[in-house]
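Remember, it's a predicted structure, so these values are computed and weren't measured experimentally. Residue numbering restarts at 1 for every chain, and letters A, B, ... go by the order of the sequence lines.
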Amino acid sequence: MVRAGLAPAVDGATILGVDVLEPRSLKRHDPVAGAFDALLTGRTMAEPARRGKFLWIPLVGGDPRRAIVAHLGMSGQMLLREPGTVEDGLLRIRLHIEHPVHGELWVHFVDQRIFGSMAVDTLVPTPDGMPGGRGTTEALVPAQVGHIARDPLDPAFDDDGFAAALAKKNTGIKRALLDQTLVSGIGNIYADEALWAAKLHYEQPTRTLSRARIRNLLAEVRLVLEKALAEGGTSFDAQYVNVNGASGYFAHSLNVYGRQGLPCPRCGTPIVREPFMNRSSHRCPRCQRLRAPRRVAVAPAV
DNA sequence: CTTTCGCCCTGAGTGC
DNA sequence: TGCACTCAGGGCGAAA
């Protein structure tokens, strides 16, 4: 939704100037190729693309091809503003752009916790030759995003490859969902929601999941991601606004996340919250129990 | 090689 | 009232 909102304003626009108010917001930028502002000033942007939680805006022309890369972290936002707008102290980076139709605009990278960051990065070919991400037809992806898997809403996402990877892994299903090299775009909240919908325990070993269960889980993941996109994403920061400035809460749609002690919407059993990877997992203790594998692979007794 | 862990960061919230 | 402390999140490099 950030990408879709940004697209009409930046596609075809030229960058007139760059203000970096918080250098720490450039931690993804490798200065070897040049300074962030110098690489951007005077360049024209194409349509933004997205893969997982990374957003990038390709620059038109140039050799090598480059793109503005942004990771919004948890608290990051890309906001469109009229020039002269007063922004509060959370503004980290500003792009001053001029669009052939919309005229001059400011693009604000606002990030309270400085977990997100921006960079100028080179574009490299995708190994599978498919478009680099949603929003682009070019088979290019920023170098630093190359190891990130496609997200399940990407038409080029490989369902069978994902299932095959799960069969080989020795880990729990939630760890796999959060592993951005396997599948991207799923954070702690969406993982809990999708696992609840699929009636799976977060520690269910991936190798015990049948193809049918994996298919079902992927379908639930897609529903969660689509709902989140439609509602403008999840954020618990009260000042959350989308690219047009409208408020976008998702919290009212949550079935398990943050609902410990409250009844499971499906069976009424109180939701529990359990420590997991220095974070927490929420699940229904009745709907989401560990399942025995259908076929147990037992080593033959000697 | 695979898997796990700690750190980055800061405002909101909690407890004394 | 004020202070100390905890928590939340995604990605990355280090450690196991």
Side-chain angles (χ1 to χ4, degrees), chain A residues 2-3 20-30 50-56 69-78 87-93 109-119 121 133 141-152 162 164-195 202-208 221 224-225 228-229 232-241 248-251 254 256-261 271-282:
Chain A
V2 174
R3 181 195 61 78
V20 178
L21 293 88
E22 175 50 79
R24 288 176 296 175
S25 292
L26 290 182
K27 61 191 173 192
R28 316 194 85 88
H29 181 76
D30 180 0
R50 183 180 71 79
R51 179 185 290 204
K53 295 151 191 164
F54 283 89
L55 174 83
W56 69 92
V69 182
H71 191 289
L72 300 183
M74 173 194 175
S75 54
Q77 304 160 245
M78 298 287 276
E87 195 73 60
D88 61 26
L90 303 178
L91 174 62
R92 308 305 184 190
I93 295 171
F109 178 71
V110 172
D111 186 16
Q112 176 193 99
R113 296 179 193 176
I114 318 183
F115 250 47
S117 63
M118 297 184 77
D121 198 4
V141 67
Q144 64 181 265
V145 184
H147 69 289
I148 300 292
R150 294 178 180 281
D151 73 68
F162 179 68
L166 290 190
K168 290 177 193 163
K169 285 248 167 213
N170 182 30
T171 191
I173 183 58
K174 182 168 172 182
R175 260 177 259 273
L177 288 180
L178 296 177
D179 181 347
Q180 304 294 303
T181 67
L182 288 177
V183 55
S184 69
I186 306 171
N188 198 44
I189 298 173
Y190 299 159
D192 280 4
E193 291 299 309
L195 288 171
Y202 55 88
E203 290 286 16
Q204 185 74 41
T206 57
R207 61 196 324 155
T208 66
V221 165
V224 168
L225 292 178
L229 278 173
T234 305
S235 175
F236 294 97
D237 293 328
Q239 83 284 11
Y240 180 89
V241 289
Y249 264 112
F250 178 63
L254 298 177
V256 278
Y257 186 87
R259 300 191 70 250
Q260 57 273 17
I271 300 296
V272 296
R273 171 181 164 170
E274 296 162 331
F276 179 83
M277 289 175 78
N278 288 328
R279 285 180 178 72
S280 55
S281 275
H282 307 75

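The pair A/K53-A/D151 fails the salt-bridge criterion, with no side-chain N (NZ, NE, NH1 or NH2) lying under 4.0 Å from an Asp/Glu carboxylate O.
Between A/R279 and the phosphate of C/dC7, there is no side-chain N or O to OP1/OP2 separation shorter than 4.0 Å. Regarding contacts with the backbone of B/dT10, every side-chain N or O of A/Q112 stays at 4.0 angstrom or more from both OP1 and OP2.
For A/R24 and B/dC7, the CZ to P distance is 18 Å, given to the nearest whole Å. Here C/dG10 presents its C1' atom at 15 Å from CG of A/L182, a figure rounded to the nearest Å. Across the protein-nucleic acid pair, A/F109 atom CZ and B/dC9 atom C1' stand 13 Å apart, rounded to whole Å. Note: NZ (A/K174) to P (B/dT3) measures 18 Å, nearest angstrom. Regarding A/R113, its CZ atom lies at a distance of 11 Å from the P atom of B/dT10, rounded to whole Å. One atom, CZ of A/R175, and another, C1' of C/dG10, lie 16 Å apart when rounded to the nearest Å. Remark: C1' of C/dG10 and CD1 of A/I114 are 15 Å apart, rounded to the nearest angstrom. One interatomic measurement links the two molecules: CZ of A/R51 to P of C/dG11, which rounds to 13 Å at whole-angstrom precision.
Using a 4.5 Å heavy-atom cutoff, the side chains of A/F54 and A/R28 are in contact. Contact annotation: the side chain of A/P205 never approaches that of A/N170 to less than 4.5 Å [non-hydrogen atoms, C-beta and beyond]. Looking at heavy atoms from C-beta onward, A/Q77 lies out of side-chain contact with A/L72 at the 4.5 angstrom threshold.
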- Task: Apply side chain to side chain contact (heavy atoms under 4.5 Å, CB included) to the pair A/K169 and A/D179, showing each step before the final yes or no.
- Result: CA-CA 11 Å; A/K169 285 248 167 213; A/D179 181 347; 4.1 Å; yes

- Message: Walk me through whether A/V141 and A/W56 qualify under side chain to side chain contact (heavy atoms under 4.5 Å, CB included).
- Response: CA-CA 9 Å; A/V141 67; A/W56 69 92; 3.9 Å; yes

- Task: Starting at the 5' end of DNA chain B, write a dot or bracket for each base, bracketing those in Watson-Crick or G-U wobble pairs whose two distances are under 3.5 Å and using | for partners on another strand.
- Result: .|||||||||||||||

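Nucleic acid contact class of A/K27 (heavy atoms, under 4.0 Å, all strands): none.
Between A/R175 atom CZ and A/M277 atom CE the span is 6.0 Å, to the nearest 0.5 Å.
Among the nucleotides B/dT4, C/dC12, C/dG11, the one closest to the side chain of A/H71 is C/dG11.
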